[in-house]
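Here's the structure, in structure tokens; my notes come after.
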Amino acid sequence: MVARVSTVAFQGIEGLPVEVQVMVAPGKVGMQIVGLPDKAVAESRERVQAALHASGLSLPPKRVTVNLAPADLPKEGSHFDLPIALGLMAALGAIPGDALSGYLVIGELNLDGTIAPIAGALPAAISANAVEKGLICPADSGAEAAWAGSEIDILAPRSLIALANHFRGTQVLSRPAPAIRAQPANLPDLADIKGQESAKRALEVAAAGGHNLLMVGPPGSGKSMLAARLPSILPPLSAPELLEVSMIHSIAGQLSGGKLSDRRPFRTPHHSATMAALVGGGLRARPGEASLAHHGILFLDELPEFASPVVDALRQPLETGECIIARANHRVSYPSDFQLVAAMNPCRCGMAGEPGHVCARGIRCQSEYQGRISGPLMDRIDIRIDVPAVSATDLIRPRVAESSAVVAARVAAARERQRERFRRLGLPFATNARCSTALIETLAEPDPSGLQLLRDAAEKFRFSARGYHRVLKVARTLADLDGVETLGRIHLAEAISYRIASERLTAAA
Ligand SMILES: Nc1ncnc2c1ncn2[C@@H]1O[C@H](COP(=O)(O)OP(=O)(O)O)[C@@H](O)[C@H]1O
Ligand SMILES: [Mg+2]
């Protein structure tokens, strides 16, 4: 007799259906797993045998064959332990064979028969819901799976024995409750920053329109400090965004305790990060920082210190909103629609442009350092600002600074205007930065004097086509912050100033 148990193999954030077929038949004693298992799956054999033994179920002296169908789909991970063990228990009659037919099963086994948490419980629960099945998952993953919907039947046992008792009706398992959303930790507040009014303004504009931002300034001028305050002015994730972000974090095994947070992700990879760490991949395909920052911020501090090929690998996700990882026999894609925020010193010694400072290596100090950032990447940055060191007067007798809550309210209002405009047109975009170039021309119409300014600036500074559209996008956001429909001269002037700064940087390189 063949026992069948449904489970999933993860590809990107999708769970593809896999059927575990278990047959116990006379023959050479032993257990064999077939169907493209990776090392973790192949080792499942040892864990399953030990766990069943610990649960008081010894295997008969027969041949056990486990097939993971479809046979040509690669199976990665340790979450196949539980479906294999349950299939075996069903084949041996330890649990009723039809009890499992309504469930999708994932879980890793410990040698003592307890069930260990796994990555990907949330996407698995969503896959289960799609095929109208319940989910059997580890106790520690239950809270996370419960987020997939209140109508899904979820069993989250601690051990094989607990599950067998549930099916026998002697000890009924209750449905896990979705864990309370982690309270946003006390985020650092904008009010901590003294002076730096124009940098704060740029931060607000970037947050409002989802624009990529580059800050350039000497060490200690507060660039890292400014970036760390960005999460406190961003609006919370919407419900569909929350689910999408959590799926990625679930696959990466980064949802601690299954708690979901509606805070936008803020990822800060170190500049020694490898390609796999940033865009995903590695031995077992895992989402990288760019995907973990989906719907949030990817902050690259000390941008020129990152290896150039690693940073340039971000160009694809910046353009398409997803990271594609090519594996030996298949391709995996993870959503990665993030906002890039970067900070850098103006030169190797960090002081170029400061009054009275002359770099030891002259102009080359600056041009070589800035030349490490490729033009195409620079082109994708909408707002570039200089962050000069704060003066002593600013620090000693500061003006009262606005708190993050005040700025966040303006950002939220501007985002709502954008969302409403795109919704009216039936478009999927949420921010001006994501709007297509063809569309921005119709959505961002300058008044006559604004148009004249744009025309003059485009001619004088020789904007590229992309540069021209990016200026319009930023100007659209500035008008949204002011709550007006038509772009005025001041909106274009400010947007152009952010653009010229970046053209200057490219020219210096
Ligand atoms: N505008 C400011 N207001 C208050 N403190 C500041 C300001 N700028 C810098 N600092 C102080 O200087 C420190 C270094 O700032 P940091 O953000 O690390 O600089 P950078 O990243 O530009 O090198 C901060 O931790 C903070 O104590
Ligand atoms: Mg810093």
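FYI, side chains are in, hydrogens and waters are out, and symmetry mates aren't considered; it's all heavy atoms of this structure. Atoms within each ligand, like the ligands themselves, are counted from 1 in listed order.
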Can a donor-acceptor pair be found between the side chains of [X] and [Y] at a distance below 3.5 Å?
X: Tyr468; Y: Glu441; value: no
X: Ser224; Y: Asp301; value: yes
X: Glu445; Y: Thr486; value: no

For this session: Please work out which of the three classes, parallel, tilted or perpendicular, describes the rings of His79 and Phe10, given edges at 30° and 60°.
Result: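 Ring orientation of Phe10 relative to His79: tilted.
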Problem set entry | Distance flag, aromatic centroids of Phe429 and Phe422, threshold under 6.0 Å |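 Yes: the rings meet the under 6.0 Å criterion.
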For this session: Establish, yes or no, whether a centroid distance under 6.0 Å links the rings of Tyr498 and His211.
Result: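 When the ring centroids of Tyr498 and His211 are compared, they turn out to be at least 6.0 Å apart.
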Exercise. How about the Mg ion (ligand 2), which protein N, O or S atoms come within less than 2.8 Å?
Worked result: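 Short answer, with waters excluded from the count: Ser224 OG.
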For this session: Would you mind reporting whether Leu213 and Gln339 have side-chain heavy atoms less than 4.5 Å apart?
Result: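 When only atoms from C-beta onward are counted, Leu213 and Gln339 do not touch, as no gap falls below 4.5 Å.
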Exercise. Charged N to carboxylate O under 4.0 angstrom, Glu241 versus Arg264?
Worked result: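 Salt bridge between Glu241 and Arg264, a charged N being under 4.0 Å from a carboxylate O: yes.
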For this session: Anything with a heavy atom under 4.0 Å from ligand 1 counts, so go ahead and list those protein residues by chain and number.
Result: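 Under the 4.0 Å cut-off, ligand 1 touches Asp192, Ile193, Lys194, Gln196, Pro218, Pro219, Gly220, Ser221, Gly222, Lys223, Ser224, Met225, Val390, Leu395.
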Problem set entry | Worked verdict on Lys194 versus Val390 for side-chain contact (heavy atoms from CB on, under 4.5 Å) | CA-CA 8 Å; Lys194 297 168 184 153; Val390 271; 5.7 Å; no
